[in-house]
Amino acid sequence: MWKLWSSWPKGDSVRIALIGHGPIAAHVAAHLPEGVRLTGALCRPGREQAAHAVLGVPVAQALEGLSERPDLLVDCAGHSGLRAHGVAALGAGVEVLTVSVGALADVVFCAELEAAARAGGTRLCLASGAIGALDALAAAAMGTGLQVTYTGRKPPQGWRGSRAENVLDLDALTAPATHFTGTARAAAQAYPKNANVAAAVALAGAGLDATRAELIADPGATANIHEIAAEGAFGRFRFQIEGLPLPGNPRSSALTALSLLAALRQRGAAIRLSL
Ligand SMILES: NC(=O)C1=CN([C@@H]2O[C@H](COP(=O)(O)OP(=O)(O)OC[C@H]3O[C@@H](n4cnc5c(N)ncnc54)[C@H](OP(=O)(O)O)[C@@H]3O)[C@@H](O)[C@H]2O)C=CC1
Ligand SMILES: O=C([O-])CC(=O)C(=O)O
């Protein structure tokens, strides 16, 4: 069946390298669309063997250490991966696709990324990740009066290793408990492994300081539930997604890895969605 973004033009292929070898990276590597070739990966010092075992490609600690220069560097590692490699890659003219959207809440780092992309004549692409409806938010933001609230709800184990543990006894919860309310910027900075979605919603729509965020640990939740409530001159909408986690990390929704695959597939299409 013909699809809008069916495949890369025959004979063309894109070389990608990954940052990270966690559940998101492993899923991407195992399901690359036709025409996309994984040529390398970047890891932290001492993690070469572990990364090679998961991905089966040459591994280095920096882009210059890879034998093949990628056309695109795909950050699947989280904020520290983008911080370690984003500016250098963009400055060297290598496009970067990232899941670490919340890292852009740091204004200084965001400006460094932007300057590097301009200097390198390339761009930083933000994955839609675990959320949807960013197209509607971006359109709504072109009108007036946009107000957006994002609510992130996960089972208690989805908040392990996050600041929620300072506020709540996750093992003892018997009812939903809010452990953060504030701006999307503050959420993204306080929860680097859990609130990239808050940043994506904000960057697409009303901005990091005007978007309200609430984060909830819910012992009754059986999925990672993300909700957007938006209203403005355009009208209003509500969007909710119940994302199942990837095997290997209850924090990360499977849709995140799928969004990277969708972005890779779209990149090679002559006819594509416009967002
Ligand atoms: N945009 C979105 O909607 C979403 C974004 N995310 C982001 O994706 C990140 C990754 O998720 P997931 O795969 O589940 O997480 P894991 O934390 O399980 O995996 C992260 C991987 O990245 C590696 N890594 C960490 N820092 C670096 C670095 N500086 N350089 C190279 N590799 C590095 C780790 O390796 P090692 O520890 O061995 O060094 C590990 O292999 C999350 O932390 C979160 O920030 C997640 C879900 C949704
Ligand atoms: O995967 C998810 O459900 C969301 C997540 O962790 C994030 O926004 O960083």
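Residue indices begin at 1 and follow the sequence shown. One-based numbering, in listed order, for ligands and for the atoms of each. Keep in mind that what you see is a predicted model, and the values were worked out from it rather than measured.
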Student: Is the His179-Tyr191 ring centre distance short of 6.0 angstrom?
Tutor: yes

Student: When only distance counts, is Val197 in polar contact with ligand 2, meaning an N/O pair under 3.5 Å?
Tutor: yes

Student: Is Leu203 reachable from Leu146 through a run of hydrophobic residues whose side-chain heavy atoms are each under 4.5 Å from the next?
Tutor: no

Student: Please write down residue, atom name and distance for the protein heavy atom closest to atom 28 (C) of ligand 1.
Tutor: Arg44 CG, 3.4 Å

Student: Is the shortest N/O to N/O distance between Ser252 and ligand 2 below 3.5 Å?
Tutor: no

Student: Please classify the Cys43 to ligand 1 contact at 4.0 Å (heavy-atom distances, strictly less than): side chain, backbone, both or neither.
Tutor: backbone

Student: Give the numbers and elements of all ligand 2 atoms closer than 4.0 Å to a heavy atom of Ala130.
Tutor: 1 (O), 2 (C), 3 (O), 4 (C)

Student: CG of Leu38 to CG of Leu18: how many Å apart, nearest 0.5 Å?
Tutor: 4.5 Å

Student: Number the atoms of ligand 2 from 1 as they appear, then name those within less than 4.0 Å of a heavy atom of Arg251, with their elements.
Tutor: 1 (O), 2 (C), 3 (O), 6 (O)

Student: Nearest 0.5 angstrom please: Leu215 CG to Trp159 CH2, how far?
Tutor: 4.5 Å

Student: Quick one: look up the protein heavy atom nearest atom 8 (O) of ligand 1 and list residue, atom name and how far away it is.
Tutor: Val99 CG2, 3.3 Å

Student: Among protein heavy atoms, which sits nearest to atom 5 (C) of ligand 2, and what does the distance come to when rounded to 0.1 Å?
Tutor: Lys154 NZ, 3.4 Å

Student: Among all protein heavy atoms, pick out the one at the shortest distance from atom 6 (N) of ligand 1; state its residue, atom name and that distance to 0.1 Å.
Tutor: Asn196 ND2, 3.7 Å

Student: Under 4.0 Å from ligand 1, counting heavy atoms only, is it the side chain of Ile24, its backbone, both or neither?
Tutor: both

Student: Under 4.0 Å from ligand 1, counting heavy atoms only, is it the side chain of Leu42, its backbone, both or neither?
Tutor: backbone

Student: Can you pull out the closest protein heavy atom to atom 21 (C) of ligand 1? Residue, atom name and distance to 0.1 Å, please.
Tutor: Gly22 N, 3.6 Å

Student: Return the residue, atom name and 0.1 Å-rounded distance of the protein heavy atom closest to atom 4 (C) of ligand 1.
Tutor: Thr256 CG2, 3.6 Å

Student: Residue-level breakdown please: for His21 versus ligand 1, do any non-hydrogen atoms fall below 4.0 Å on the side chain, on the backbone, on both, or on neither?
Tutor: both

Student: Indicate, as side chain, backbone, both or neither, the part of Cys76 found under 4.0 angstrom from ligand 1 when only non-hydrogen atoms are considered.
Tutor: backbone

Student: Return the closest protein heavy atom for atom 3 (O) of ligand 1 as residue, atom name and distance.
Tutor: Ala130 N, 2.9 Å

Student: In terms of side-chain geometry, is the basic nitrogen of Glu214 or Arg153 positioned less than 4.0 Å from the acidic oxygen of its partner?
Tutor: no

Student: Does ligand 1 come near enough to Asn249 that some N or O of the ligand is less than 3.5 Å from an N or O of the residue?
Tutor: yes

Student: Considering only heavy atoms of Ser253, which atoms of ligand 2 have at least one such atom less than 4.0 Å away?
Tutor: 1 (O), 2 (C), 3 (O)

Student: Just to confirm my output: which protein heavy-atom neighbour is closest to atom 24 (N) of ligand 1, and how far is it?
Tutor: Ala77 CB, 3.7 Å

Student: Out of all atoms in ligand 1, which are within 4.0 Å of some heavy atom of Arg47? Include the element for each.
Tutor: 36 (P), 38 (O), 39 (O)

Student: Could you list the atoms of ligand 2 found under 4.0 angstrom from a heavy atom of Ala195?
Tutor: 7 (C), 8 (O), 9 (O)

Student: If we only count N/O pairs under 3.5 Å, is Ser80 in contact with ligand 1?
Tutor: yes

Student: Would Arg83 pass as a cation-pi partner of Phe109, given that its NZ or CZ must be under 6.0 Å from the six-membered ring centre and within 45 degrees of the axis?
Tutor: yes

Student: Under 4.0 angstrom from ligand 1, any heavy atom of Pro23?
Tutor: yes

Student: Please list, in number order, the atoms of ligand 1 under 4.0 Å from a heavy atom of Ile19.
Tutor: 30 (N), 31 (C)

Student: What protein heavy atom sits nearest atom 46 (C) of ligand 1, and how far off is it?
Tutor: Ser252 OG, 3.5 Å

Student: Heavy-atom distances under 4.0 Å are what count here, so tell me which part of Pro192 touches ligand 1: side chain, backbone, both or neither.
Tutor: backbone

Student: Please identify which atoms of ligand 2 are closer than 4.0 Å to at least one heavy atom of Lys193.
Tutor: 6 (O), 9 (O)

